[in-house]
Amino acid sequence: MDLLINVGLPLSLAIIMLSLGVGLHVDDFKRVLSRGYPFAIGALSQVVLLPIAAFVIVKLYALPPEIAVGFMLLSFCPGGVTSNILSKLARGDVALSVSLTAVISLLSMITVPVLAAWSIAHFMSEDAPEVSITGLAIAMFLITTLPVAIGVTLRHFATGFARKIEGPLSKAATGLFVLIVLAAVAGNWQLLVDNLGIMGAGLISLCVSLLLIGLGLARLAKLSWDESKTISIETGIQNSTLGITLAALITGTESGFSPLALPSAVYGIMMYVVALPYIAWLRSR
C-alpha cells in the first residue's frame with residue numbers, strides 16, 4: 001500500500017497530466033486571448049462558483065469534517081482529460097474545453113494550495129493537520145504543472161513522437177486511475193460503509209448542481225449552445241485523481257489512504273453514472 005501511495009499515486013497523476021499536455025497545442029493557450037468572454041465565464045464557473053456550490057452542499061448535508069474536506073478538495077480540482085472527452089461526446093465546443101482545461105490546470109498550482117489550507121482549517125479546526133501552502137504548491141507544480149508543460153513542449157517540438165505516445169499514455173493513466181480509486185475505497189471501506197448514503201447523495205447533488213450551474217450561467221451570459229454545453233461539463237467534471245493525491249499530500253501516507261480521499265475516489269466512479277445520461281440529453285438537443 002505504501003508503494004502504491006508514494007509511487008503509484010503521484011505517477012498516475014503525472015501520467016494523466018502528461019497525457020493532457022501532449023494533446024495540447026500552443027494555440028490552445030493563445031485562444032484564450034481571442035475568445036476571452038466565453039473563457040472568462042468558464043473560469044468564473046470553475047474557480048469561484050464550483051467551490052461555493054460544494055461548500056453549500058457540505059453544509060446542507062452536515063457531512064463529517066474529513067468527508068467535508070474531501071468534498072472541498074474535489075471541488076478545487078480542474079476537469080482534466082475526461083472533461084475534454086465528454087465535451088466531444090456532447091458535441092460541444094472542444095477547443096474551448098481544451099483551453100479551459102489547459103489554463104485552469106496550470107493555475108491550480110496557485111489556487112489549490114491556498115483553498116485546501118483554508119478548507120482544512122475551517123472544517124477540521126483543532127484536528128486539522130499542519131498544511132504547508134508552499135510545500136503543497138511545489139508538489140502541485142511537480143506532478144501537475146510540470147508534466148503539462150513537458151507534454152505541450154513535446155507536442156510543439158516533436159509532434160510525431162507526441163502523437164505516438166498519446167494513446168499509450170492515456171491507457172496507462174486509465175489503468176492507474178482505476179487501481180488508485182479501488183485502493184482508496186478499500187483502504188477506507190468501513191468509513192465508506194458508514195457514510196455511503198449521505199456521501200453518495202451529496203456527491204450526486206454536487207455533480208448534478210454543478211452541471212446545471214455551468215449550463216445556466218452560460219445561457220445567462222448568452223453564449224452559444226455548443227459553448228454552453230462545454231461550460232456545463234467543465235464545471236461539473238473534476239479530476240478525481242488530483243483530489244486523491246491532494247489528500248495524500250496533506251495527511252501523509254503512514255496510515256494508508258486518507259479518509260479525505262474517499263469523496264474523490266467514490267466520485268471517480270459515480271461521475272459517469274450522472275454524466276453519461278446528461279451527455280445523452282445534451283446530444284439530443
- CG on Leu217 to CG on Leu223, rounded to 0.5 Å: 7.5 Å
- Message: Measuring from atom CD of Gln238 to atom SG of Cys207, what distance do you get when rounded to the nearest 0.5 angstrom?
- Response: 7.5 Å
- Sequence neighbours left out, what pairs pass salt bridge (charged side-chain N to carboxylate O under 4.0 Å, His left out) with at least one residue falling in residues 164-191? Arg155-Glu166
- Begin from the C-alpha positions of Met271 and Thr82 and carry the test side-chain contact (heavy atoms from CB on, under 4.5 Å) through to its verdict. CA-CA 10 Å; Met271 67 175 177; Thr82 304; 4.0 Å; yes
- Query: Hey, are the side chains of Val103 and Phe39 touching, using non-hydrogen atoms and a 4.5 Å cut-off?
  - Reply: yes
- Note on the structure: Heavy atoms of Gly268 and Tyr272 approach each other most closely as O-CE1, 3.4 Å
- Enumerate the residue pairs fulfilling side-chain hydrogen bond (donor to acceptor under 3.5 Å, both in side chains) with a member in residues 211-227, sequence neighbours excluded, ordered by first and then second residue. Arg35-Glu227, Arg219-Ser228, Ser224-Glu227
- Verify the distance criterion only: is there a donor paired with an acceptor across the side chains of Ser240 and Ser264 at less than 3.5 Å? no
- Task: Output the rest of the hydrophobic cluster of Ile133: all Ile, Leu, Val, Met, Phe, Trp and Tyr residues reachable through side-chain heavy-atom contacts under 4.5 Å, sorted by chain and number.
- Result: Val114
- Item | Least distance between heavy atoms, Ile233 atom then Ala90 atom | CD1-CB, 3.7 Å
- Message: Distance check, rounded to the nearest 0.5 Å: Leu282 atom CG versus Ser232 atom OG?
- Response: 6.0 Å
- CG on Leu211 to CD1 on Ile237, rounded to 0.5 Å: 5.5 Å
- Query: Do Leu18 and Val148 have side-chain heavy atoms sitting under 4.5 Å apart?
  - Reply: no
- Message: Treating Ser97 as the side-chain partner and Asp93 as the backbone partner, does any N or O pair qualify as donor plus acceptor under 3.5 Å?
- Response: no
- With sequence neighbours left out, which residue pairs that include part of residues 204-215 fulfil the side-chain hydrogen bond (donor to acceptor under 3.5 Å, both in side chains) condition? Tyr61-Ser205
- Query: Closest heavy-atom contact between Cys77 and Gly243?
  - Reply: SG-N, 3.5 Å
- Query: Would you say the side chain of Leu203 lies within less than 4.5 Å of the side chain of Phe71, judging by non-hydrogen atoms?
  - Reply: yes
- Task: Verify whether one side chain among Thr101 and Glu234 offers a donor that lies under 3.5 Å from an acceptor in the other.
- Result: yes
- Message: Side chains of Phe76 and Ser108, heavy atoms from C-beta outward: is any pair under 4.5 Å?
- Response: no
- Query: Honestly curious: do Leu215 and Ile52 fall in one hydrophobic cluster under the side-chain, below-4.5 Å linking rule?
  - Reply: yes
- Task: Say whether Val273 and Leu74 are linked into one hydrophobic cluster, either directly or through other cluster members, by side-chain heavy-atom distances under 4.5 angstrom.
- Result: no
- Pair listing, salt bridge (charged side-chain N to carboxylate O under 4.0 Å, His left out) test, anchored in residues 40-63, at least two apart: none
- Message: Measuring only between side-chain heavy atoms, which start at C-beta, is Val58 closer than 4.5 Å to Ile67?
- Response: no
- Task: Report the C-alpha separation of Met270 and Ile204 in whole Å, then their side-chain angles, then the decisive distance to 0.1 Å, and conclude whether the side-chain contact (heavy atoms from CB on, under 4.5 Å) test is met.
- Result: CA-CA 8 Å; Met270 189 173 291; Ile204 291 174; 3.4 Å; yes
- Message: How close do Ile213 and Leu49 get, counting heavy atoms only, and between which atoms?
- Response: CG2-CD1, 4.1 Å
- Item | Validation row: Lys229, Ser87 side chains within 4.5 angstrom (heavy atoms) | no
- Task: Would you name the heavy atoms of Ala218 and Ile231 that are closest together and state the gap between them?
- Result: CB-CB, 4.0 Å
- Message: Could you go through Leu246 and Leu136, starting from their C-alpha distance and side-chain angles, then the distance that decides it, and tell me whether this counts as side-chain contact (heavy atoms from CB on, under 4.5 Å)?
- Response: CA-CA 8 Å; Leu246 278 172; Leu136 201 54; 4.2 Å; yes
- Query: Would you say the side-chain atoms of Tyr278 pair up with the backbone N or O of Leu212, donor to acceptor, closer than 3.5 Å?
  - Reply: no
- Task: Could you grab the distance from atom CD of Glu130 to atom CD1 of Ile250, nearest 0.5 Å is fine?
- Result: 12.5 Å
- Task: Give a yes or no answer on whether the side chain of Thr153 reaches the backbone of Ala149 with a donor-acceptor pair at less than 3.5 Å.
- Result: yes
- Item | Parallel, tilted or perpendicular, as decided by the 30° and 60° cut-offs, for the rings of Trp118 and Phe55 | tilted
- Can you tell me how far the CG atom of Leu115 sits from the OG atom of Ser119, to the nearest 0.5 Å? 7.5 Å
- Note on the structure: Tested for side-chain contact (heavy atoms from CB on, under 4.5 Å) against Met17, the lone hit among Leu242, Thr144, Ile143 is Thr144
- Is it true that Leu220 and Leu96 fall in one hydrophobic cluster, defined by side-chain heavy atoms closer than 4.5 Å? no
- Query: Any link between Leu142 and Leu107 through a network of hydrophobic side chains (Ile, Leu, Val, Met, Phe, Trp, Tyr) touching at under 4.5 Å?
  - Reply: yes
- Message: Under a 3.5 Å distance rule, please check whether Ser105 uses its side chain to pair with a backbone N or O of Ala102 as donor and acceptor.
- Response: no
- Item | Where Leu210 and Thr235 come nearest, the two heavy atoms and their spacing | O-CG2, 3.5 Å
- Residues passing the salt bridge (charged side-chain N to carboxylate O under 4.0 Å, His left out) test with Glu66, sequence neighbours excluded, are none
- Full working for side-chain contact (heavy atoms from CB on, under 4.5 Å) between Met199 and Val266: CA-CA 9 Å; Met199 185 171 64; Val266 175; 3.7 Å; yes
